[in-house]
Protein chains: 2
Amino acid sequence: EEPIISGIAFTKDEAQLTVLGVPDQPGVAYALLGPIGENNIEVDMILQNVSELTDGAPLTDFTFTVHTGDFEAAKALLEKSAADLGARQVSGESGVAKVSLVGVGMRSHANVAARMFKALANENINLRMISTTEIKISIVIETKYLELAVRALHDEFELDQPPQKVESE
Amino acid sequence: EEPIISGIAFTKDEAQLTVLGVPDQPGVAYALLGPIGENNIEVDMILQNVSELTDGAPLTDFTFTVHTGDFEAAKALLEKSAADLGARQVSGESGVAKVSLVGVGMRSHANVAARMFKALANENINLRMISTTEIKISIVIETKYLELAVRALHDEFELDQPPQKVESE
Ligand SMILES: C[C@@H](O)[C@H](N)C(=O)O
Ligand SMILES: C[C@@H](O)[C@H](N)C(=O)O
(Lines give C-alpha, C1' and ligand atoms only; values in the text may rest on other atoms or scores of the structure.)
(Ligands and ions follow the chains in the order given, each with its own letter.)
Protein backbone atom coordinates (compact mmCIF):
# COMPACT_ATOMS: atom_id res chain seq x y z
CA GLU A 1 0.00 0.00 0.00
CA GLU A 2 1.52 3.34 -1.05
CA PRO A 3 1.51 5.95 1.65
CA ILE A 4 -0.04 9.30 0.84
CA ILE A 5 1.22 12.24 2.85
CA SER A 6 -1.53 14.79 3.30
CA GLY A 7 0.29 17.41 5.29
CA ILE A 8 2.12 18.63 8.33
CA ALA A 9 0.40 19.58 11.56
CA PHE A 10 1.96 21.16 14.60
CA THR A 11 1.12 22.49 18.03
CA LYS A 12 3.31 24.84 20.00
CA ASP A 13 2.98 26.27 23.51
CA GLU A 14 3.15 22.76 24.87
CA ALA A 15 4.92 21.65 27.99
CA GLN A 16 6.25 18.19 28.69
CA LEU A 17 6.07 16.56 32.10
CA THR A 18 7.73 13.28 32.97
CA VAL A 19 7.57 11.18 36.11
CA LEU A 20 10.86 9.30 36.18
CA GLY A 21 11.28 5.88 37.69
CA VAL A 22 7.68 4.82 38.30
CA PRO A 23 6.93 1.22 39.22
CA ASP A 24 5.79 -0.73 36.17
CA GLN A 25 2.76 -2.25 37.89
CA PRO A 26 -0.97 -2.20 37.24
CA GLY A 27 -2.66 0.91 38.56
CA VAL A 28 0.26 3.29 38.25
CA ALA A 29 -0.82 4.94 35.00
CA TYR A 30 -4.25 5.56 36.53
CA ALA A 31 -2.73 6.95 39.71
CA LEU A 32 -0.72 9.46 37.71
CA LEU A 33 -3.33 10.51 35.20
CA GLY A 34 -6.42 10.49 37.41
CA PRO A 35 -5.69 13.71 39.33
CA ILE A 36 -4.71 15.50 36.12
CA GLY A 37 -8.06 14.74 34.51
CA GLU A 38 -9.99 15.47 37.70
CA ASN A 39 -8.42 18.93 37.73
CA ASN A 40 -9.59 19.54 34.18
CA ILE A 41 -6.10 19.92 32.81
CA GLU A 42 -6.07 19.17 29.09
CA VAL A 43 -3.59 16.52 28.04
CA ASP A 44 -2.37 16.33 24.47
CA MET A 45 -0.21 13.23 24.26
CA ILE A 46 0.63 10.53 26.77
CA LEU A 47 3.75 8.47 26.22
CA GLN A 48 5.25 5.61 28.16
CA ASN A 49 7.90 3.19 26.94
CA VAL A 50 8.73 -0.24 28.32
CA SER A 51 10.32 -0.62 31.74
CA GLU A 52 13.78 -1.77 32.74
CA LEU A 53 14.84 -3.61 35.85
CA THR A 54 16.56 -1.17 38.17
CA ASP A 55 17.91 -2.79 41.33
CA GLY A 56 15.46 -5.61 40.80
CA ALA A 57 12.35 -3.45 40.30
CA PRO A 58 10.85 -2.77 36.87
CA LEU A 59 10.75 1.00 36.44
CA THR A 60 9.69 3.22 33.57
CA ASP A 61 9.03 6.89 32.80
CA PHE A 62 5.55 8.32 32.28
CA THR A 63 5.30 11.42 30.12
CA PHE A 64 2.48 13.62 28.96
CA THR A 65 2.15 17.06 27.43
CA VAL A 66 -0.11 19.92 28.47
CA HIS A 67 -0.59 23.57 27.49
CA THR A 68 2.30 25.70 28.71
CA GLY A 69 -0.14 27.56 30.95
CA ASP A 70 -0.99 24.37 32.86
CA PHE A 71 2.63 23.35 33.40
CA GLU A 72 2.96 24.49 37.00
CA ALA A 73 -0.40 23.13 38.14
CA ALA A 74 0.20 19.76 36.48
CA LYS A 75 3.72 19.57 37.89
CA ALA A 76 2.44 20.15 41.42
CA LEU A 77 -0.16 17.39 41.07
CA LEU A 78 2.42 15.00 39.66
CA GLU A 79 4.91 15.67 42.43
CA LYS A 80 2.30 14.62 44.94
CA SER A 81 1.43 11.39 43.06
CA ALA A 82 5.07 10.67 42.37
CA ALA A 83 5.88 10.87 46.07
CA ASP A 84 3.02 8.49 46.91
CA LEU A 85 4.25 6.01 44.31
CA GLY A 86 7.88 6.24 45.32
CA ALA A 87 8.88 7.53 41.91
CA ARG A 88 12.31 9.02 41.63
CA GLN A 89 11.61 12.50 40.27
CA VAL A 90 9.29 14.72 38.26
CA SER A 91 10.97 16.57 35.44
CA GLY A 92 9.64 18.85 32.76
CA GLU A 93 10.31 21.11 29.85
CA SER A 94 7.94 23.99 29.38
CA GLY A 95 8.80 24.94 25.82
CA VAL A 96 8.15 22.11 23.42
CA ALA A 97 6.33 21.70 20.15
CA LYS A 98 4.81 18.69 18.48
CA VAL A 99 5.20 18.25 14.73
CA SER A 100 3.32 15.54 12.88
CA LEU A 101 3.39 14.12 9.41
CA VAL A 102 -0.19 13.24 8.60
CA GLY A 103 -1.18 10.77 5.92
CA VAL A 104 -2.95 7.58 5.00
CA GLY A 105 -1.71 4.13 4.10
CA MET A 106 1.29 4.58 6.27
CA ARG A 107 0.75 1.19 7.84
CA SER A 108 4.24 0.03 7.08
CA HIS A 109 5.44 3.49 7.62
CA ALA A 110 9.03 2.70 8.48
CA ASN A 111 10.28 4.26 5.24
CA VAL A 112 8.15 7.37 5.58
CA ALA A 113 9.23 7.79 9.18
CA ALA A 114 12.87 7.17 8.28
CA ARG A 115 12.65 9.91 5.62
CA MET A 116 11.10 12.27 8.15
CA PHE A 117 13.75 11.50 10.75
CA LYS A 118 16.54 11.96 8.20
CA ALA A 119 15.21 15.33 7.04
CA LEU A 120 15.18 16.56 10.62
CA ALA A 121 18.58 15.06 11.45
CA ASN A 122 20.01 16.93 8.45
CA GLU A 123 18.97 20.14 10.21
CA ASN A 124 20.51 18.90 13.44
CA ILE A 125 17.11 18.87 15.13
CA ASN A 126 16.94 16.49 18.06
CA LEU A 127 13.83 14.34 18.44
CA ARG A 128 12.97 14.46 22.12
CA MET A 129 10.00 12.11 21.78
CA ILE A 130 8.55 10.00 18.99
CA SER A 131 5.07 8.54 18.79
CA THR A 132 3.41 7.09 15.69
CA THR A 133 0.20 5.63 14.37
CA GLU A 134 -0.79 4.45 10.91
CA ILE A 135 -2.01 7.95 10.04
CA LYS A 136 0.32 10.19 11.99
CA ILE A 137 4.04 10.28 12.76
CA SER A 138 4.61 12.71 15.60
CA ILE A 139 7.77 14.05 17.12
CA VAL A 140 8.26 16.45 20.00
CA ILE A 141 11.11 18.95 19.75
CA GLU A 142 12.22 22.14 21.45
CA THR A 143 10.02 25.03 20.35
CA LYS A 144 12.96 26.98 18.91
CA TYR A 145 13.32 24.38 16.16
CA LEU A 146 9.67 24.39 15.13
CA GLU A 147 9.87 26.63 12.09
CA LEU A 148 13.00 24.91 10.83
CA ALA A 149 11.40 21.50 11.29
CA VAL A 150 8.22 22.40 9.46
CA ARG A 151 10.18 23.84 6.52
CA ALA A 152 12.47 20.79 6.36
CA LEU A 153 9.50 18.43 6.20
CA HIS A 154 7.67 20.69 3.78
CA ASP A 155 10.69 20.45 1.45
CA GLU A 156 11.36 16.77 1.94
CA PHE A 157 7.80 15.71 1.20
CA GLU A 158 7.25 18.39 -1.45
CA LEU A 159 4.09 19.70 0.14
CA ASP A 160 3.27 22.69 -1.98
CA GLN A 161 0.89 24.62 0.20
CA PRO A 162 2.23 26.50 3.19
CA PRO A 163 2.03 24.33 6.30
CA GLN A 164 -1.11 24.81 8.33
CA LYS A 165 -1.01 25.21 12.03
CA VAL A 166 -3.71 22.84 13.23
CA GLU A 167 -4.97 24.12 16.58
CA SER A 168 -6.68 20.91 17.50
CA GLU A 169 -3.75 18.71 16.50
CA GLU B 1 -15.98 19.15 23.81
CA GLU B 2 -17.55 15.85 24.81
CA PRO B 3 -15.55 12.82 23.74
CA ILE B 4 -17.37 10.17 21.74
CA ILE B 5 -15.96 6.68 21.95
CA SER B 6 -16.54 4.84 18.72
CA GLY B 7 -14.98 1.52 19.55
CA ILE B 8 -12.09 -0.69 20.48
CA ALA B 9 -9.47 -1.83 18.00
CA PHE B 10 -6.71 -4.30 18.58
CA THR B 11 -3.86 -6.05 16.84
CA LYS B 12 -2.22 -9.23 18.08
CA ASP B 13 0.75 -11.20 16.80
CA GLU B 14 2.93 -8.19 17.40
CA ALA B 15 6.46 -8.18 18.69
CA GLN B 16 8.14 -5.35 20.52
CA LEU B 17 11.79 -4.45 20.02
CA THR B 18 13.67 -1.91 22.10
CA VAL B 19 17.15 -0.51 21.75
CA LEU B 20 18.15 0.47 25.26
CA GLY B 21 20.48 3.31 26.06
CA VAL B 22 20.80 5.06 22.71
CA PRO B 23 22.43 8.48 22.53
CA ASP B 24 19.80 11.20 22.43
CA GLN B 25 21.39 13.02 19.49
CA PRO B 26 20.20 14.03 16.02
CA GLY B 27 20.48 11.20 13.51
CA VAL B 28 20.04 8.31 15.90
CA ALA B 29 16.37 7.65 15.17
CA TYR B 30 17.18 7.58 11.46
CA ALA B 31 20.13 5.26 12.01
CA LEU B 32 17.90 2.79 13.83
CA LEU B 33 14.85 2.91 11.60
CA GLY B 34 16.52 3.23 8.21
CA PRO B 35 17.70 -0.38 7.88
CA ILE B 36 14.33 -1.67 9.10
CA GLY B 37 12.49 0.17 6.35
CA GLU B 38 15.08 -0.70 3.73
CA ASN B 39 14.52 -4.37 4.52
CA ASN B 40 10.79 -3.93 4.00
CA ILE B 41 9.89 -4.87 7.53
CA GLU B 42 6.51 -3.42 8.44
CA VAL B 43 6.50 -1.29 11.55
CA ASP B 44 3.28 -0.69 13.46
CA MET B 45 4.15 1.78 16.19
CA ILE B 46 7.33 3.65 17.05
CA LEU B 47 7.76 4.96 20.58
CA GLN B 48 10.52 6.92 22.19
CA ASN B 49 10.31 8.84 25.48
CA VAL B 50 12.60 11.62 26.68
CA SER B 51 16.20 10.92 27.61
CA GLU B 52 17.92 10.97 30.97
CA LEU B 53 21.51 11.84 31.74
CA THR B 54 23.40 8.64 32.46
CA ASP B 55 27.01 9.21 33.47
CA GLY B 56 26.84 12.58 31.78
CA ALA B 57 25.39 11.39 28.46
CA PRO B 58 21.71 11.79 27.54
CA LEU B 59 20.37 8.31 26.78
CA THR B 60 16.95 7.04 25.88
CA ASP B 61 15.22 3.87 24.66
CA PHE B 62 13.87 3.47 21.14
CA THR B 63 11.01 1.00 20.70
CA PHE B 64 8.96 -0.17 17.78
CA THR B 65 6.62 -3.04 17.06
CA VAL B 66 6.61 -5.44 14.12
CA HIS B 67 4.71 -8.58 13.11
CA THR B 68 5.79 -11.55 15.23
CA GLY B 69 7.14 -13.19 12.08
CA ASP B 70 9.61 -10.35 11.53
CA PHE B 71 10.91 -10.33 15.10
CA GLU B 72 14.14 -12.22 14.49
CA ALA B 73 15.07 -10.36 11.31
CA ALA B 74 14.37 -6.97 12.88
CA LYS B 75 16.29 -7.91 16.02
CA ALA B 76 19.34 -8.87 13.98
CA LEU B 77 19.31 -5.55 12.12
CA LEU B 78 18.91 -3.63 15.34
CA GLU B 79 21.75 -5.41 17.05
CA LYS B 80 24.03 -4.28 14.28
CA SER B 81 22.89 -0.65 14.45
CA ALA B 82 22.93 -0.69 18.22
CA ALA B 83 26.54 -1.82 18.24
CA ASP B 84 27.51 0.96 15.81
CA LEU B 85 25.79 3.54 18.00
CA GLY B 86 27.24 2.24 21.24
CA ALA B 87 23.79 1.47 22.60
CA ARG B 88 23.64 -0.71 25.66
CA GLN B 89 21.42 -3.57 24.55
CA VAL B 90 18.61 -4.72 22.28
CA SER B 91 15.70 -6.32 24.08
CA GLY B 92 12.40 -7.62 22.86
CA GLU B 93 9.14 -9.35 23.62
CA SER B 94 7.66 -11.41 20.86
CA GLY B 95 4.14 -11.81 22.18
CA VAL B 96 2.43 -8.48 22.60
CA ALA B 97 -0.87 -7.01 21.56
CA LYS B 98 -1.98 -3.42 21.04
CA VAL B 99 -5.42 -2.37 22.25
CA SER B 100 -6.81 1.03 21.35
CA LEU B 101 -9.79 3.06 22.38
CA VAL B 102 -10.89 4.93 19.28
CA GLY B 103 -13.01 8.04 19.36
CA VAL B 104 -13.38 11.68 18.49
CA GLY B 105 -13.28 14.83 20.53
CA MET B 106 -10.83 13.27 22.91
CA ARG B 107 -8.59 16.31 22.79
CA SER B 108 -8.57 16.71 26.51
CA HIS B 109 -8.66 13.01 26.83
CA ALA B 110 -7.13 12.74 30.27
CA ASN B 111 -10.44 11.63 31.79
CA VAL B 112 -11.16 9.11 29.05
CA ALA B 113 -7.64 7.72 29.30
CA ALA B 114 -7.84 7.61 33.10
CA ARG B 115 -11.08 5.60 32.86
CA MET B 116 -9.44 3.24 30.39
CA PHE B 117 -6.37 2.78 32.59
CA LYS B 118 -8.52 2.21 35.66
CA ALA B 119 -10.64 -0.45 33.94
CA LEU B 120 -7.49 -2.33 32.96
CA ALA B 121 -5.85 -1.89 36.36
CA ASN B 122 -8.97 -3.39 37.94
CA GLU B 123 -8.21 -6.56 35.96
CA ASN B 124 -4.58 -6.41 37.05
CA ILE B 125 -3.45 -5.90 33.46
CA ASN B 126 -0.08 -4.19 33.19
CA LEU B 127 0.34 -1.48 30.58
CA ARG B 128 3.73 -2.12 29.00
CA MET B 129 3.52 0.90 26.70
CA ILE B 130 1.14 3.81 26.28
CA SER B 131 0.79 6.08 23.28
CA THR B 132 -2.07 8.48 22.59
CA THR B 133 -3.45 10.92 20.05
CA GLU B 134 -6.63 12.96 20.03
CA ILE B 135 -8.49 10.10 18.34
CA LYS B 136 -6.82 7.02 19.74
CA ILE B 137 -5.58 5.89 23.13
CA SER B 138 -3.34 2.86 22.62
CA ILE B 139 -1.73 0.52 25.10
CA VAL B 140 0.51 -2.45 24.52
CA ILE B 141 0.10 -5.47 26.78
CA GLU B 142 1.12 -9.10 26.89
CA THR B 143 -0.95 -11.09 24.39
CA LYS B 144 -2.37 -13.35 27.12
CA TYR B 145 -4.34 -10.41 28.54
CA LEU B 146 -5.85 -9.35 25.21
CA GLU B 147 -9.28 -10.90 25.56
CA LEU B 148 -9.62 -9.77 29.16
CA ALA B 149 -8.58 -6.23 28.21
CA VAL B 150 -11.03 -5.97 25.35
CA ARG B 151 -13.90 -7.21 27.51
CA ALA B 152 -12.99 -4.84 30.34
CA LEU B 153 -13.01 -1.85 28.00
CA HIS B 154 -16.14 -3.05 26.27
CA ASP B 155 -17.90 -3.10 29.66
CA GLU B 156 -16.42 0.14 30.95
CA PHE B 157 -17.41 2.14 27.90
CA GLU B 158 -20.69 0.28 27.35
CA LEU B 159 -19.93 -0.54 23.74
CA ASP B 160 -22.80 -2.74 22.75
CA GLN B 161 -21.50 -4.42 19.62
CA PRO B 162 -18.86 -7.09 19.95
CA PRO B 163 -15.37 -5.62 19.59
CA GLN B 164 -14.00 -5.74 16.09
CA LYS B 165 -10.52 -6.89 15.42
CA VAL B 166 -9.18 -4.26 13.06
CA GLU B 167 -6.46 -5.87 10.98
CA SER B 168 -5.09 -2.59 9.78
CA GLU B 169 -5.06 -1.02 13.22
C1 LIG C 1 3.71 2.39 34.31
C2 LIG C 1 2.27 2.09 34.24
O3 LIG C 1 1.76 2.30 32.96
C4 LIG C 1 1.94 0.66 34.67
N5 LIG C 1 2.54 -0.29 33.78
C6 LIG C 1 0.43 0.48 34.67
O7 LIG C 1 -0.06 -0.45 34.16
O8 LIG C 1 -0.29 1.27 35.20
C1 LIG D 1 16.98 9.10 20.15
C2 LIG D 1 16.79 9.78 18.83
O3 LIG D 1 15.41 9.96 18.54
C4 LIG D 1 17.47 11.11 18.72
N5 LIG D 1 16.95 12.05 19.68
C6 LIG D 1 17.31 11.64 17.32
O7 LIG D 1 16.96 12.76 17.16
O8 LIG D 1 17.51 10.97 16.36
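Residue numbers start from 1 in every chain, and the chains themselves are labelled A, B, ... in the order their sequence lines are given, proteins ahead of strands.
- Heavy-atom pairs under 4.5 Å with chain B peak, among A/Gly37, A/Ala110, A/Pro26, at A/Pro26.
- Within the 4.5 angstrom heavy-atom criterion, atoms from both the backbone and the side chain of A/Leu127 approach chain B.
- Using a 4.5 Å cut-off between heavy atoms, B/Leu47 touches chain A through backbone and side chain atoms alike.
- Only the side chain of B/Leu20 has a heavy atom closer than 4.5 Å to any heavy atom of chain A.
- Interface remark: of the candidates B/Val28, B/Leu120, B/Asp61, B/Ile36, B/Asp61 forms the most heavy-atom pairs closer than 4.5 Å to chain A.
- Heavy-atom pairs under 4.5 Å with chain B peak, among A/Ser131, A/Ala121, A/Ala114, at A/Ala114.
- Ranked by heavy-atom pairs under 4.5 Å with chain A, the first of B/Ile130, B/Val112, B/Val43 is B/Ile130.
- Between A/Leu101 and A/Ile8, the closest side-chain pair of non-hydrogen atoms falls below 4.5 Å.
- For B/Glu123, no part sits under 4.5 Å from any heavy atom of chain A, backbone or side chain.
- For the side chain to side chain contact (heavy atoms under 4.5 Å, CB included) test, residues two or more places apart in sequence or in another chain that qualify with B/Ile135 are A/Ile135, B/Thr133.
- Put simply, of A/Ile139, A/Asn40, A/Ile125, A/Val140, the one with the most heavy-atom pairs under 4.5 Å next to chain B is A/Ile125.
- Considering only residues two or more places apart in sequence or on other chains, A/Glu156 meets the side-chain hydrogen bond (donor to acceptor under 3.5 Å, both in side chains) condition with A/Arg115.
- Between A/Val96 and A/Glu93 the shortest side-chain heavy-atom distance falls below 4.5 Å.
- Residues in residues 14-33 of chain A take part in these side chain to side chain donor-acceptor pair (under 3.5 Å) pairs, two or more places apart or across chains: A/Thr11-A/Glu14, A/Glu14-A/Thr65, A/Gln16-A/Thr18, A/Gln16-A/Arg128, A/Thr18-A/Thr63, A/Asp24-A/Ser51, A/Asp24-B/Asn126.
- Counting non-hydrogen atoms of neighbouring residues, nucleotides and ligands closer than 6.0 angstrom, the CD atom of B/Gln89 exceeds 12 such neighbours.
- In this structure, the side chains of B/Glu134 and A/Met45 stay at 4.5 Å or more apart for every pair of heavy atoms.
- A/Met116 and B/Val22 end up in the same hydrophobic cluster when Ile, Leu, Val, Met, Phe, Trp and Tyr side chains are linked at under 4.5 Å.
- Annotation: the span from A/Leu153 atom CG to A/Ile5 atom CD1 amounts to 10.0 Å, rounded to 0.5 Å.
- Residues of residues 67-86 of chain B that come within less than 4.5 angstrom of chain A, heavy atom to heavy atom, are B/His67 in numerical order.
- Interface check for chain B: of the options A/Val50, A/Thr60, A/Ile137, the most heavy-atom pairs under 4.5 Å are formed by A/Val50.
- Residues A/Leu33 and B/Ala113 come closest through the heavy atom pair CD2-CB, 3.5 Å.
- The backbone N or O of A/Thr132 lies less than 3.5 Å from no partner atom in the side chain of A/Ser138, so there is not a single donor-acceptor pair.
- With a 4.5 angstrom heavy-atom cutoff, A/Glu52 touches chain B only via side-chain atoms.
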